[in-house]
Amino acid sequence: MTSASAALPTIVVVLSRPQEHALRRLEKLFRVVTIGRPDASLVDAAVRPAVRGVASFAGFSAAFVDGLPRLEIIALFGVGYDMTAAAEAAMRNVVVTNTPDVLTEEVADTAIGLLINTVRELPRAEAWLRAGRWVRDGMYPLTPMTLRGRSIGIHGLGRIGLAIARRLEAFGLPIAYHNRRPVTGVGYRYYPTLKELAAAVDTLISVVPGGPATEMVVDADVLAALGPNGVLINIGRGRTVDEAALVEALANGTIAAAGLDVFADEPNVPQALLDAPNATLLPHVGSASEHTRRAMADLVVDNLAEWFSTGRPLTPVPETRLAARPAPSTGG
Ligand code: NAP
Ligand code: 8YV
């Protein structure tokens, strides 16, 4: 360590996968210690008391916060922070930031692709071509489902839900939604319960945050309400859907098809879903372009930079919006 870098605030970078560009930026601004998972004991005991910030590409627990006594901020990679201890961090006056907005359009694009693939069976049609069946067996069969005439229900009309809705407006499809509260200034019909929304539409797109309030709320009742022409798209969090009920609904025709980007126990996908011909499955790639992942990583760095230069993080999560920066201290 040079004497110049010793004067910079110490931050820990928790990486689950390489983010070279963000790491290089962080190294210019901070004295960086890198660990592979959010476990404070992986930080040298002599360094732990000096750590003031964390850039986490892999979440964090309350024990992790407890293990870093001088911690001020954890900058998370990703907008969803359901698998983190944000509330516990807030109680310890530690700011938590996430990466909203910069991924909204990418995730909405992915949702539309997943919807079309699910309804028009495009991955299966391509597999037909690649397997030589176009030559051998002729045209791929006409798809029983179409987007034409469908009505859309958005479960979670937030940043991404709205971006999906705007795209589907251009497709000429009617849109309704369910949130805990109606959104002001939108013309889409609001349903106060998810079951009422599911009963009113035939295409349900779930994009709510994970957590206890949304755990398995897309259950057997909601799927039955969606009906035999029903399509479920989930691009929010896997645990929002009761996967066992979904498997049964796909097998017995309670709904027609599902398109899933997220699963309850990633990266493990239930065999019954892998075997279901009417399920279209993606490995959580909603935001996964180089462009958008770079923007997310930049926002992680920008949040830390702002905190340590102005005391005002750019995108704190609501739980920690009021956390305050301690009086400036010098060094370490
Ligand atoms: P957001 O702007 O906060 O929108 C979330 C929406 O969900 C809000 O409209 C909120 O409205 C609603 N909501 C929250 N809790 C609810 C509940 N219990 N019941 C019904 N509605 C509820 O968040 P966002 O930026 O759109 O992101 C949404 C989620 O998408 C993230 O949290 C993340 O889990 C997921 N995501 C997935 C990917 C991917 O790669 N697949 C990528 C990015 C994000 P009310 O508060 O009025 O209820
Ligand atoms: C990321 C996401 O895949 O932002 C989110 O909530 O689910 C995705 O953009 C993830 O957070 C980072 O691995």
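Counting starts at 1 for both ligands and their atoms, following the listed order.
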Under a 4.0 Å N-O cut-off, is there an ion pair linking E126 with R130? yes
In plain terms, say whether E20 and R24 are close enough for a salt bridge, that is, a side-chain N and a carboxylate O under 4.0 Å apart. yes
Do me a favour and list the nearest non-hydrogen protein atom to atom 1 (P) of ligand 1 with residue, atom name and distance? R159 NH2, 3.6 Å
Do R237 and ligand 1 have an N or O pair less than 3.5 Å apart? yes
Salt-bridge test for D265 and R239: reply yes if a basic N is under 4.0 Å from a carboxylate O, no otherwise. no
Any heavy atom of G236 sitting closer than 4.0 Å to ligand 1? yes
Using heavy-atom distances, let me know which of T292, N179, I164 sits nearest atom 21 (N) of ligand 1. N179
For the pair D109 and R167, find out whether any cationic side-chain nitrogen is under 4.0 Å from an anionic carboxylate oxygen. yes
Do we see a donor-acceptor contact under 3.5 Å between the side chains of T143 and E121? no
Ion pair D219/K195, N-O distance below 4.0 Å: no
Of the side chain and backbone of T214, name the one, both, or neither that has a heavy atom under 4.0 Å from an atom of ligand 1. side chain
Between V262 and ligand 1, find which residue part has any heavy-atom pair under 4.0 Å and reply side chain, backbone, both or neither. side chain
Under 4.0 Å from a heavy atom of S287: give me the atoms of ligand 1 that qualify, with their elements. 40 (O)
Atom 22 (C) of ligand 1 has as its nearest protein heavy atom V208 CG1, 3.7 Å
Note: T240 and S206 closest approach over all heavy atoms is CG2-OG, 3.7 Å
Name the closest protein heavy atom to atom 5 (C) of ligand 1, giving the residue it belongs to and the distance to 0.1 Å. P209 CD, 3.7 Å
Look at R312 together with E306 and state whether they make a salt bridge at an N to O cut-off of under 4.0 Å. no
Amino acids in close contact with ligand 2, where any non-hydrogen atom sits under 4.0 angstrom away: R17, F77, G78, V79, G80, L103, R237, H284, S287, R293, M296
What heavy-atom pair brings A62 and A85 nearest, and what distance separates the two atoms? N-CB, 3.4 Å
Could you list the residues that satisfy side chain to side chain contact (heavy atoms under 4.5 Å, CB included) with R180, not counting sequence neighbours? none
Any idea which heavy atoms bring A245 and A220 closest together, and the distance? CB-N, 3.8 Å
Restricting to heavy atoms, the pick from I154, V207, L194, L197 nearest atom 30 (O) of ligand 1 would be V207
Of the non-hydrogen atoms in A264 and E243, which two are nearest, and what is the gap between them? N-OE2, 2.9 Å
To the nearest 0.1 Å, how far is atom 47 (O) of ligand 1 from its closest protein heavy atom, and which atom is that? R181 N, 3.3 Å
Aromatic contact between Y190 and Y177, with the criterion being ring centroids under 6.0 Å apart: yes or no? yes
Starting from atom 44 (C) of ligand 1, what is the nearest protein heavy atom, named by residue and atom, and what distance separates them? V79 CG1, 3.3 Å
Beyond-backbone contact of M145 with V231, side-chain heavy atoms, under 4.5 angstrom: yes
Do any nitrogen or oxygen atoms of I235 lie less than 3.5 angstrom from nitrogen or oxygen atoms of ligand 1? yes
For atom 4 (O) of ligand 1, what is the nearest protein heavy atom, given as residue, atom name and distance? G158 CA, 3.3 Å
Under 3.5 Å, N or O to N or O, is V285 touching ligand 1 that way? no
Atoms of ligand 1 less than 4.0 Å from G286 heavy atoms? 39 (C), 40 (O)
Tell me the protein heavy atom at minimum distance from atom 16 (C) of ligand 1, and give that distance in Å. R180 NE, 3.5 Å
Heavy-atom distances under 4.0 Å decide this one: backbone, side chain, both or neither, for V107 against ligand 1? side chain
Compute the shortest N/O to N/O distance between H284 and ligand 1 and return yes if it is under 3.5 Å, no if not. yes
Specify whether F57 and F77 have parallel, tilted or perpendicular ring planes, treating 30° as the upper limit for parallel and 60° as the lower limit for perpendicular. tilted
heavy-atom search around atom 26 (O) of ligand 1 in the protein gives I160 N, 2.9 Å
Heavy-atom pairs closer than 4.0 Å: do any link ligand 1 to the side chain of D261, the backbone, both, or neither? side chain
Donor-acceptor check, side chain of D261 to backbone of G286, threshold 3.5 angstrom: yes or no? yes
